[in-house]
2 protein chains.
Amino acid sequence: MRPMARTTGSHSDITGPRIRAAALKLFAKAGYAAVSMRQIAGEVGVQAGALYLYTPDKQTLLFDLMDGHMADLLAAWQAEPKGQGALAALEAFVRFHIRYHLDRSDEVFIAYMELRNLEPANFTAVEARRRAYEAELEAILAEGQAAGAMAPGELRLTAMAVIAMLTGVVTWYREGGRLSRADVEEEYWRLVRGMVVGGP
Amino acid sequence: MRPMARTTGSHSDITGPRIRAAALKLFAKAGYAAVSMRQIAGEVGVQAGALYLYTPDKQTLLFDLMDGHMADLLAAWQAEPKGQGALAALEAFVRFHIRYHLDRSDEVFIAYMELRNLEPANFTAVEARRRAYEAELEAILAEGQAAGAMAPGELRLTAMAVIAMLTGVVTWYREGGRLSRADVEEEYWRLVRGMVVGGP
DNA sequence: GTCTATATGCTGATAGAC
DNA sequence: GTCTATCAGCATATAGAC
């Protein structure tokens with residue numbers, strides 16, 4: 001059996017995650033460039049020097065948060081039940097995207113806002129995951145078009161439009177407000193269906 | 001008559017705008033917090049100290065760019081011909097928004113990304129202009145609903161969805177690519193019409 | 001594993017020469 | 001109007017005590 005948790009001393013198994021959580025929170029609120037390693041350390045309750053036991057530098061801390069988020073997003077979508085047919089898959093995508101993004105608004109915010117603060121190699125890696133996610137939606141639209149269930153028009157433009165529209169929910173939705181999450185999912189799905197099923 | 005422009009010496013009438021242009025470019029590329037006053041001065045070709053003849057501080061430089069952009073946007077929309085009826089006004093809004101945003105991608109980028117770097121009073125001012133712009137679209141949707149020409153559902157949600165979707169064009173559109181600006185306007189208008197005219 | 005102390009350098013902003 | 005020189009402070013990251 002493992003020994004009881006010590007009340008003081010070693011915390012290597014929890015300090016790492018706490019540092020990432022603090023960095024996430026602060027980066028989301030003030031932006032990567034505006035947050036100092038001292039602030040992150042202060043949030044965790046350690047000294048600045050101690051951070052470097054868990055991350056080689058500030059840039060890697062940012063990259064780990066962003067890349068981890070995108071990897072989790074892709075994995076979660078791939079694990080999501082899709083139903084039958086392209087229209088059902090599109091509905092699943094819309095509801096999944098909203099739900100996932102509302103649950104992780106800090107991660108989403110960073111993943112969209114801090115791209116320019118990634119070093120080139122890190123940017124490339126994160127961007128590849130983003131393109132993969134966008135390609136998932138594009139494939140659904142292509143399938144729907146081929147099956148005659150949708151008329152989405154220009155595929156990439158439509159995919160980008162849908163994702164931008166859905167992601168925007170994090171900028172205005174407030175918990176406990178006029179609309180419930182279920183309302184929001186429903187409304188957005190109605191809008192997206194109108195966009196891609198539509199007419200002449 | 002005014003004297004001929006001097007080739008050296010006083011430049012007070014052009015240095016101010018050049019500083020704002022340099023700040024705009026650098027803020028858009030690297031972010032407000034990551035750009036130093038020395039970099040801005042270097043871009044203009046003056047020393048850092050000289051900047052303070054044209055702006056009291058860095059924060060005011062950011063605020064002037066953001067507030068000026070929002071004011072210009074509102075004024076340009078109010079000067080735009082709207083056609084007759086809510087559907088024509090909606091089409092005008094879509095085409096105007098895309099055109100204006102593609103023409104000023106740096107300003108747009110800053111106006112959306114640097115809100116959190118504004119001091120509270122400045123934030124309030126910029127935010128008020130943004131709400132006014134969003135209210136313009138919301139009013140069109142309300143009018144269309146009242147006239148029975150649209151079924152936009154939840155008004156504020158739909159307005160936010162449309163604006164997020166349209167603004168997203170600056171993140172993927174590249175001049176000289178597969179689609180012309182006219183193509184993009186046309187496609188987005190088709191998507192928006194499907195969203196708000198739609199069915200059951 | 002965390003601390004204190006420190007290196008090296010850059011920051012926004014100002015003072016005063018020219 | 002722009003320059004050089006400078007202030008006071010904070011940045012990231014490291015070294016070494018405990």
Side-chain angles (χ1 to χ4, degrees), chain A residues 2-24 26-27 29-65 114 116-119 121-122, chain B residues 2-24 26-27 29-66 110 114 116-119 121-122:
Chain A
R2 294 176 64 205
M4 300 267 298
R6 282 157 286 182
T7 55
T8 183
S10 167
H11 301 286
S12 73
D13 47 350
I14 60 165
T15 305
R18 287 186 63 215
I19 288 171
R20 267 182 288 280
L24 174 69
L26 292 171
F27 288 167
K29 189 159 71 174
Y32 172 77
V35 172
S36 71
M37 294 296 268
R38 279 172 181 78
Q39 283 176 276
I40 298 169
E43 181 81 15
V44 175
V46 298
Q47 295 295 317
L51 298 182
Y52 293 88
L53 295 168
Y54 302 94
T55 183
D57 51 32
K58 192 185 174 188
Q59 168 71 204
T60 303
L61 200 46
L62 176 64
F63 174 69
D64 285 347
L65 290 173
E114 304 296 354
R116 60 185 170 185
N117 286 310
L118 288 174
E119 288 167 4
N122 292 340
Chain B
R2 295 178 61 206
M4 301 264 300
R6 282 158 288 181
T7 55
T8 181
S10 166
H11 301 285
S12 73
D13 46 350
I14 59 166
T15 305
R18 288 186 62 215
I19 288 170
R20 267 181 289 280
L24 175 69
L26 292 170
F27 289 168
K29 189 157 74 174
Y32 172 77
V35 172
S36 71
M37 294 298 268
R38 279 170 180 78
Q39 285 176 272
I40 297 169
E43 181 81 13
V44 175
V46 298
Q47 295 294 318
L51 298 183
Y52 293 88
L53 295 168
Y54 303 94
T55 183
D57 51 32
K58 190 185 175 188
Q59 168 71 203
T60 303
L61 200 45
L62 175 64
F63 173 69
D64 286 347
L65 290 173
M66 293 179 69
I110 289 178
E114 304 296 355
R116 61 185 169 185
N117 286 310
L118 288 175
E119 288 167 4
N122 292 340

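Heavy-atom basis, side chains included; hydrogens, waters and symmetry copies ignored. A note on names: the letters A, B, ... follow the listed sequences, proteins ahead of strands, and every chain is numbered from 1.
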For A/Gln59, the side-chain hydrogen bond (donor to acceptor under 3.5 Å, both in side chains) test, sequence neighbours excluded, returns A/Asn122
- prompt: Separation of A/Arg18 atom CZ from C/dG1 atom P, in whole Å?
  reply: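 Distance check: A/Arg18 CZ to C/dG1 P gives 15 Å.
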A/Gln47 CD to D/dA15 P, in whole Å, measures 18 Å
Once base and sugar-phosphate atoms are separated, protein heavy atoms under 4.0 Å mark nucleotides 11-18 of chain C, 5' to 3', with B, S and - as BBBB----
Sorted by chain and number, sequence neighbours left out, salt bridge (Lys or Arg N to Asp or Glu O under 4.0 Å) with A/Glu119 holds for none
With sequence neighbours left out, the residues meeting salt bridge (Lys or Arg N to Asp or Glu O under 4.0 Å) with A/Arg18 are none
Phosphate OP1/OP2 of C/dG1: any A/Tyr54 side-chain N/O under 4.0 Å
no
Report yes if at least one side-chain N or O of A/Thr15 is closer than 4.0 Å to OP1 or OP2 of C/dT2; otherwise report no.
yes
Nearest heavy atoms of B/Ala34 and B/Ala30, plus distance in Å: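 Here B/Ala34 and B/Ala30 meet closest at CB-O, 3.4 Å.
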So salt bridge (charged side-chain N to carboxylate O under 4.0 Å, His left out) across residues 32-49 of chain B, not counting sequence neighbours, yields B/Lys25-B/Glu43
Salt bridge (charged side-chain N to carboxylate O under 4.0 Å, His left out) partners of residues 50-61 of chain A, not counting sequence neighbours, each pair once =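 For residues 50-61 of chain A, and leaving out neighbouring residues, there are no salt bridge (charged side-chain N to carboxylate O under 4.0 Å, His left out) pairs at all.
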